[in-house]
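Structure, as structure tokens:
Computation of the quantities below employed the complete heavy-atom set of this structure, encompassing side-chain atoms and omitting hydrogens, waters and symmetry-equivalent molecules. If you read the sequence from its start, that first residue is 1, and numbering goes on from there. Worth saying up front: this structure is predicted, and the values here are computed from it rather than measured.
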Amino acid sequence: MATKLSPILSPKELVQRSNSPEIILIDARAGVNAEENYRSQHLKGARYIDLNKDLATVATDPSSGGRHPLPSIEKFSQVLSKAGISPESHVVIYDDKNGSNAAARFWWMLRAIGHEKVQVLNGGLQEAVKAGYPANAEIETYKTTERYPISKWALKTADIEEVEKARNNNENIVIDVRDKNRFDGLTEPLDLIAGHIPGAINVPFSENLDVHGSFQSPPFLQEKYSRIIGDKKPENIIVHCGSGVTACHTLLAIDYAGIPIPKLYVGSWSEWSRNDREMATKPIE
């Protein structure tokens with residue numbers, strides 16, 4: 001029986017495999033000037049994936065699907081083929097925010113189509129450079145592949161109606177991974193209203209990381225999330241954030257802990273807060 005591939009790869013392991021032709025390295029930095037930063041410096045051989053263009057279909061109305069709804073299966077297939085990724089590829093993803101930027105989102109999307117050979121680089125770009133992995137500003141050239149065959153999203157997601165039913169049901173747990181100040185409604189840098197979904201619990205994604213910005217050990221994460229989840233079934237656990245990106249960091253941590261991956265509420269607070277739903281809120285002044 002084949003050993004399950006860890007969802008996390010250490011910088012040291014990447015350095016040891018720096019000349020491996022089977023690994024496709026993906027730079028998934030996001031935010032302002034992300035692609036420009038990639039062009040200025042990236043890990044040698046890394047191909048760039050854009051959060052807004054490749055990992056989401058950014059809608060004009062976030063009240064329907066949030067700020068980063070999933071792209072269609074057809075579009076995602078094209079993205080993978082353009083990046084040279086086939087079902088046999090071993091994909092290693094990094095960003096510059098300890099996986100919370102878009103690396104975990106891309107990991108989740110690949111796992112959600114049944115792609116098993118995918119890992120997130122622990123500590124991201126900075127730790128890889130520290131470990132001695134070469135970085136440069138060269139234009140990377142690579143071959144595209146045939147259309148990646150995808151039929152559906154295999155990992156489970158929850159929509160706004162399911163979250164509505166789950167948030168006050170004792171058989172369910174709704175987890176909000178945003179930082180405590182956003183959850184408490186003290187600040188909101190991205191959406192129109194500060195606050196949270198009533199009934200949700202706050203487990204900030206930052207708690208998945210140690211003081212050095214790397215993932216906590218699997219035993220630590222296993223103890224942590226087993227205590228939170230208890231005997232609840234994975235399909236009764238819903239994880240969300242602001243727009244369905246950072247939530248994937250916690251889904252990654254849960255998988256790293258050896259616990260079945262819960263549901264992702266893609267629309268997250270950006271969708272919930274724009275609908276006529278009950279909210280624990282504080283209007284932004």
Do the side chain of [X] and the main chain of [Y] share a donor and acceptor less than 3.5 angstrom apart?
X: H115; Y: S89; value: yes
X: R274; Y: S270; value: yes
X: D231; Y: K233; value: no
X: N275; Y: E271; value: yes
X: D210; Y: G213; value: yes
X: N122; Y: F215; value: yes
X: N37; Y: N33; value: yes
X: Y38; Y: A46; value: yes
X: S268; Y: Y265; value: yes
X: S77; Y: I73; value: no

Before accepting this row, confirm whether a basic side-chain N of the pair [X]/[Y] lies closer than 4.0 Å to the acidic partner's carboxylate O.
X: E13; Y: R17; result: no
X: D95; Y: K97; result: no
X: D255; Y: R111; result: yes
X: E235; Y: K263; result: no
X: E164; Y: R277; result: yes
X: E162; Y: K165; result: no
X: E207; Y: K224; result: yes
X: E278; Y: R167; result: yes
X: E35; Y: R39; result: yes

Does some side-chain heavy atom of [Y] sit less than 4.5 Å from a side-chain heavy atom of [X]?
X: L264; Y: H240; value: no
X: M109; Y: L70; value: yes
X: D54; Y: Y48; value: no
X: L14; Y: L121; value: yes

May I have the step-by-step check of side chain to side chain donor-acceptor pair (under 3.5 Å) for S63 and D61, ending in yes or no?
-> CA-CA 5 Å; S63 67; D61 181 11; 2.6 Å; yes
Which heavy atom of [X] sits nearest a heavy atom of [Y], and at what distance?
X: C241; Y: D176; value: CA-OD1, 4.4 Å
X: P11; Y: A128; value: CB-CA, 4.0 Å
X: P71; Y: W153; value: O-CZ2, 3.4 Å
X: P204; Y: D179; value: CB-CA, 4.3 Å
X: H196; Y: W269; value: C-CZ3, 3.2 Å
X: A158; Y: V163; value: CB-CG2, 4.3 Å

Please answer: with hydrophobic residues joined when any side-chain heavy atoms are less than 4.5 Å apart, are [X] and [Y] in the same cluster?
X: I197; Y: I229; result: no
X: I49; Y: I23; result: no
X: I85; Y: W107; result: yes
X: I237; Y: V177; result: yes
X: L110; Y: V239; result: yes

How long is the gap from [atom1] on [X] to [atom2] on [Y], to the nearest 0.5 Å?
X: L221; Y: T250; atom1: CG; atom2: OG1; value: 9.5 Å
X: R178; Y: S206; atom1: CZ; atom2: OG; value: 13.0 Å
X: K53; Y: K75; atom1: NZ; atom2: NZ; value: 10.0 Å
X: I26; Y: I93; atom1: CD1; atom2: CD1; value: 7.0 Å
X: L192; Y: T281; atom1: CG; atom2: OG1; value: 12.0 Å
X: N236; Y: I173; atom1: CG; atom2: CD1; value: 9.0 Å

side-chain contact (heavy atoms from CB on, under 4.5 Å) between T187 and R182: does it pass, once the steps are laid out?
-> CA-CA 5 Å; T187 183; R182 289 181 73 185; 4.1 Å; yes
Show your reasoning for whether side-chain contact (heavy atoms from CB on, under 4.5 Å) applies to D96 and Q126.
-> CA-CA 7 Å; D96 57 354; Q126 298 88 335; 3.8 Å; yes
Stepwise side chain to side chain donor-acceptor pair (under 3.5 Å) test for N208 and H249 | CA-CA 8 Å; N208 299 327; H249 191 278; 3.1 Å; yes
For Y142, is the NZ or CZ atom of R47 found under 6.0 angstrom from the centre of its six-membered ring and inside 45 degrees of the ring axis?
->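 Checked: cation-pi criterion met.
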May I ask you to check whether over 12 heavy atoms, not counting those of K117, lie within 6.0 Å of atom NZ?
->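 Enclosed: over 12 neighbouring heavy atoms sit under 6.0 Å from NZ of K117.
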So does K232 have more than 12 non-hydrogen atoms from other groups sitting under 6.0 Å from NZ?
->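 For K232, atom NZ is crowded (more than 12 foreign heavy atoms under 6.0 Å).
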Pick from N52, D191, V245, V266: which one makes a side chain to side chain contact (heavy atoms under 4.5 Å, CB included) with R67?
->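 The option that passes is D191.
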Derivation of the side-chain contact (heavy atoms from CB on, under 4.5 Å) call for L125 and L43 = CA-CA 7 Å; L125 172 66; L43 298 185; 3.6 Å; yes
Decide yes or no on side-chain contact (heavy atoms from CB on, under 4.5 Å) for F76 and Y148, but give the supporting numbers first.
-> CA-CA 9 Å; F76 190 46; Y148 193 112; over 6 Å; no
For H42 and E138, what are the C-alpha separation, side-chain angles and deciding distance, and is it a side chain to side chain donor-acceptor pair (under 3.5 Å)?
-> CA-CA 8 Å; H42 54 263; E138 294 178 8; over 6 Å; no
Just checking, is any N or O donor in the side chain of H90 or Q119 under 3.5 Å from an acceptor N or O on the other one?
-> yes
